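Note that the structure is a prediction, hence the values are computed from the model and not measured. Lettering follows sequence order; numbering is per chain, from 1.
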Protein chains: 2
Amino acid sequence: MIIKLNTASSTPIYVQLRNQIVMGIGRGDLKIGQGLPTVRQMAEDIGINMMTVTKVYTILKNEGFIEIDRRHGAKIKPTALLTDNFSEKIESELALLITESSLKGIEKEHFLKMCAEMFDRLNISQVAGGNI
Amino acid sequence: MIIKLNTASSTPIYVQLRNQIVMGIGRGDLKIGQGLPTVRQMAEDIGINMMTVTKVYTILKNEGFIEIDRRHGAKIKPTALLTDNFSEKIESELALLITESSLKGIEKEHFLKMCAEMFDRLNISQVAGGNI
DNA sequence: TTATTTGTATTATAAATTATAATACAAATA
DNA sequence: TATTTGTATTATAATTTATAATACAAATAA
């Protein structure tokens with residue numbers, strides 16, 4: 001998967017990398033069970049510090065999106081558990097986004113259509129190397 | 001309107017204040033045409049520095065949510081113009097939120113229902129001091 | 001076994017961001 | 001005229017972000 005970082009952005013590099021990996025899983029670029037590059041390899045590939053990659057992998061592990069095993073490396077998990085924390089995070093972020101959209105004149109039906117299309121574009125049920 | 005800041009949060013105070021004002025407009029707590037407290041008054045009310053409030057008002061002005069006139073102070077604008085920048089911001093944030101939700105097992109229909117309910121809860125067409 | 005690779009930890013450093021503080025000033029208002 | 005307004009400037013401190021250089025035990029590969 002291709003990672004593109006914007007060092008001029010106000011969004012920290014570690015957040016950009018975290019988001020792009022999550023989006024990669026959602027799009028199906030990163031399949032369930034698939035291994036991520038080692039922290040050193042990823043750091044070299046995208047030209048950032050090893051510790052920044054470690055930070056991202058730790059975040060993704062804590063969020064339940066990947067699992068890290070010393071024997072098998074970092075791998076994409078089948079399904080992440082929905083915690084109360086994450087549920088609240090999603091709801092508050094969505095409420096803000098909807099308020100902003102509405103204030104900007106985006107109508108309910110248009111917004112719902114956008115959401116539906118984005119959902120249909122996802123490909124998260126695939127498994128690396130064929131079916132289970 | 002009541003502003004609640006969490007200094008323990010990792011979200012900067014100026015972002016918290018900006019978001020709460022936007023949500024206040026969306027909920028109808030802050031009505032169109034209504035004036036915001038002066039930067040000094042707001043700073044005193046919520047116990048933060050005057051320059052931090054200035055920063056927030058400037059952001060809200062640049063985003064088109066309020067207008068600042070030396071003669072009439074800061075006021076909520078009727079409708080904010082949807083720029084390309086804001087449109088892209090909303091789309092990328094929504095895409096990330098939908099991907100995260102899907103990976104956490106939230107299904108499309110449930111997500112759409114949440115969105116619809118949040119839209120219905122908004123009250124942005126009200127005007128301060130009666131109709132126009 | 002030995003050498004290498006792995007994730008992880010530690011310490012140090014630098015730059016950028018965030019927040020406060022103390023003033024200052026011109027425009028507008030009372 | 002005196003006060004209030006948004007805005008600007010400068011300084012300072014704390015926190016966050018990112019890099020750098022090592023180190024180490026566990027696992028793997030030779």
Whole angstroms only, please: what is the [atom1]-[atom2] distance between [X] and [N]?
| X | N | atom1 | atom2 | value |
| --- | --- | --- | --- | --- |
| B:I59 | D:dG6 | CD1 | P | 16 Å |
| B:Y57 | D:dT7 | OH | P | 11 Å |
| A:N6 | D:dT17 | CG | C1' | 15 Å |
| B:L17 | C:dA19 | CG | P | 10 Å |
| B:L60 | D:dT7 | CG | P | 12 Å |
| B:Q16 | C:dT18 | CD | P | 13 Å |
| A:I68 | C:dT6 | CD1 | P | 14 Å |
| A:I66 | C:dG7 | CD1 | P | 10 Å |

Common cluster, B:L112/B:M118, ILVMFWY with side-chain heavy-atom separation under 4.5 Å =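 Different hydrophobic clusters.
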query = Across the strands shown, which category fits A:T38 at heavy-atom distances under 4.0 angstrom: base, sugar-phosphate, nothing?
reply =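 Sugar-phosphate, no base atom in range.
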key: Backbone N/O of A:T54 and side chain of A:T58: donor-acceptor pair under 3.5 Å   =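 Yes.
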ask   = Sub-3.5 Å donor-acceptor pair from the side chain of B:T99 to the main-chain atoms of B:A95, do we have one?
value =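 Present.
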query = Is there a side-chain polar atom (N or O) of B:Y14 under 4.0 Å from OP1 or OP2 of C:dA19?
reply =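 False: B:Y14 side-chain N/O out of range (4.0 Å or more) of C:dA19 OP1/OP2.
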ask   = Under 4.0 Å between a side-chain N or O of A:K55 and OP1 or OP2 of C:dG7?
value =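 False: A:K55 side-chain N/O out of range (4.0 Å or more) of C:dG7 OP1/OP2.
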Audit row: B:K31, B:I76, side chain to side chain contact (heavy atoms under 4.5 Å, CB included) steps and yes/no = CA-CA 7 Å; B:K31 309 209 187 322; B:I76 310 300; over 6 Å; no
Paired nucleotide for [N] [Watson-Crick or G-U wobble; both distances under 3.5 Å]:
| N | answer |
| --- | --- |
| C:dA15 | D:dT16 |
| C:dT4 | D:dA27 |
| C:dT23 | D:dA8 |

cation_pi(B:K55, B:Y14) dist<6.0 Å, angle<=45 =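 Output yes; distance and angle both within limits.
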message = Can you confirm if the NZ or CZ of A:K89 lies within 45° of the ring axis of A:F86 and under 6.0 Å from the centre of its six-membered ring?
response =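 Because its charged atom sits under 6.0 Å from the ring centre and within 45° of the axis, A:K89 does stack over A:F86.
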request  = Check B:L30 against B:I21 and note the closest heavy-atom contact, atom names and distance.
outcome  =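 Heavy atoms only, the tightest pair is CD1-O, 3.7 Å.
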message = Minimum heavy-atom separation for B:L81 and A:K104, please, with both atom names.
response =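 In terms of heavy atoms, the two residues are closest at O-NZ, 2.9 Å.
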Give me, pair by pair, the N or O atoms of the protein and of nucleotides 19-24 of chain D that are less than 3.5 Å apart, along with how far apart they are.
unit_1, atom_1, unit_2, atom_2, d
D:dT19, OP2, A:N49, N, 3.0
D:dT19, OP2, A:T52, OG1, 3.0
D:dA23, N6, A:R40, NH2, 3.4

Considering only nitrogen or oxygen atoms on both sides, find all protein atoms under 3.5 Å from nucleotides 28-30 of chain D and state each distance.
unit_1, atom_1, unit_2, atom_2, d
D:dT28, OP1, A:R71, O, 3.3

request  = Please name all residues satisfying side-chain contact (heavy atoms from CB on, under 4.5 Å) with A:N6, sequence neighbours left out, ordered by chain then number.
outcome  =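 Testing A:N6 for side-chain contact (heavy atoms from CB on, under 4.5 Å), a comparison that skips the adjacent residues, returns A:A8, A:S9, A:Q16.
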